[in-house]
Amino acid sequence: MEKKLSIFELYRKYAARIVIAWISWSFLYALIDCVAYKKTHEITGEYFWTHFLGGHYHLWFLPAILTAYLFLPVLQKMIKYLEIEDLLYIGILILTGIICRETLQPLINSVILDTALKNFPLAEIPVGILYFILGYYLHHYIDYFSGKKCFAIYLGTCILAAVVNALYSLAYKQNMSVTSGYLSIWVVISSAAVFVALEKGLKIEKRKILNEAILRSISECTFGIYLIHTLFIEQVYRRIGLTQEKFPVIVTIILFSAMTFLISYVIIWCLKKIPFIGKWMV
């Protein structure tokens, strides 16, 4: 956020990478869909182009990041020249206009409320910009948090969100997801806790070199890991008969998460060794 970049550098170094990654992975996922579902769907040119131009649902964060980068020059000036009271006011607006909506809307499950909330354009502020600014301030106020506090906040938020989700599922007698919105308070707080914990982990002076190398390697691969991991969940596991129904829920979450992360990490680590792919696609 504090690094000075010209508009040309911004587009060449950052925006271009996001656009190339989106085009490449959207094309790949659209092609995979055409091959995977050719027996159950009528595969036409329109089917392919719809899936390609529409983008795979899990690529939503690429346009979000791109939006944040495009607004970076404005955000830099805003943070540099605005008083802390003004930034606090903006934070309150974001909290009430976006996070509260995204948290309460699934819980209330009201058509009337949903219709009413659409009248407030503040709730349409891009998710990328919000997390971009949040990350900047967390980075600067990281000393207020300890690793133990971050872990406690993360664990407590996840448990509370799980309890709320379970209660709603029991009440409606069906599996429901009411606490997983990208801008819900549950996701914002847990994401912030993980971010700060990782930031502190990289700043510990007396850390082991091996731990630092591992953390930095994972950090460099996270972009690609997120891009590729749904390929295994949607296509590979299903085709080899590895389905979530075969294991208890808690075992499924741990097993699938660990296995998907490790496989994705190894593949992305290898792909990053290929010049063009490593620089622009993963």
Side-chain angles (χ1 to χ4, degrees), residues 1 58 60-62 64-65 67-68 71 75 78-79 84-109 113-114 117 120 122-171 175-204 215 218-219 222-223 225-226 229 249-250 253-254 256-258 260-261:
M1 186 73 80
H58 233 62
W60 68 270
F61 80 107
L62 291 179
I65 295 175
T67 302
F71 276 88
L75 296 175
M78 182 183 76
I79 290 174
I84 189 64
E85 292 81 5
D86 299 321
L87 293 172
L88 180 61
Y89 173 68
I90 294 173
I92 293 172
L93 286 180
I94 291 175
L95 178 65
T96 57
I98 302 177
I99 297 177
C100 285
R101 170 191 167 172
E102 294 298 314
T103 301
L104 297 175
Q105 191 174 10
L107 300 177
I108 298 174
N109 194 25
L113 177 65
D114 183 53
L117 288 174
F120 297 92
L122 184 64
E124 303 304 323
I125 293 178
V127 60
I129 293 179
L130 174 59
Y131 276 105
F132 206 72
I133 296 176
L134 180 61
Y136 170 79
Y137 281 106
L138 287 174
H139 173 76
H140 279 73
Y141 293 97
I142 193 172
D143 293 334
Y144 288 94
F145 304 92
S146 66
K148 291 181 179 179
K149 284 183 180 178
C150 291
F151 178 75
I153 291 171
Y154 174 77
L155 187 61
T157 303
C158 290
I159 292 174
L160 185 57
V163 170
V164 171
N165 208 81
L167 290 175
Y168 267 76
S169 297
L170 290 173
N175 291 327
M176 298 184 68
S177 179
V178 296
T179 58
S180 58
Y182 298 127
L183 284 173
S184 67
I185 195 68
W186 325 101
V187 174
V188 171
I189 291 178
S190 58
S191 300
V194 171
F195 174 80
V196 173
L198 289 175
E199 278 274 293
K200 290 189 76 68
L202 291 173
K203 288 187 175 182
I204 297 174
L215 284 174
I218 293 174
S219 176
T222 50
F223 183 69
I225 290 172
Y226 190 90
H229 80 279
V249 175
I250 188 64
I253 294 173
I254 297 174
F256 275 61
S257 298
T260 302
F261 173 79

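For Ser190, the side chain to side chain donor-acceptor pair (under 3.5 Å) criterion is met by no residue, not counting sequence neighbours. Ile159 pairs by the side-chain contact (heavy atoms from CB on, under 4.5 Å) definition with Leu155, Val163, not counting sequence neighbours. The ring-ring contact (aromatic ring centres under 6.0 Å, His included) search around Phe261 returns none, not counting sequence neighbours. A search for side-chain contact (heavy atoms from CB on, under 4.5 Å) contacts involving Thr260 returns His229, Ile233, Tyr237, Ser264, not counting sequence neighbours. Listed by chain and number, the residues in a side-chain contact (heavy atoms from CB on, under 4.5 Å) with Phe195 are Leu138, Glu199 (sequence neighbours excluded). Among residues two or more places apart in sequence or in another chain, the side-chain contact (heavy atoms from CB on, under 4.5 Å) test is passed with Ser169 by Asn165, Met176.
Of the possible donor and acceptor atoms, one in the side chain of Thr222 sits under 3.5 Å from a partner among the backbone N and O of Ser219.
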Inset, instruction - Let me see the working for Leu62 and Phe223 under side-chain contact (heavy atoms from CB on, under 4.5 Å), right down to the final yes or no. - result: CA-CA 10 Å; Leu62 291 179; Phe223 183 69; 3.6 Å; yes
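Crowding of Phe61 atom CZ: a count of heavy atoms from other residues, nucleotides or ligands under 6.0 Å exceeding 12.
The heavy-atom pair separating Thr179 from Val187 by the smallest distance is O-CG2, 3.9 Å.
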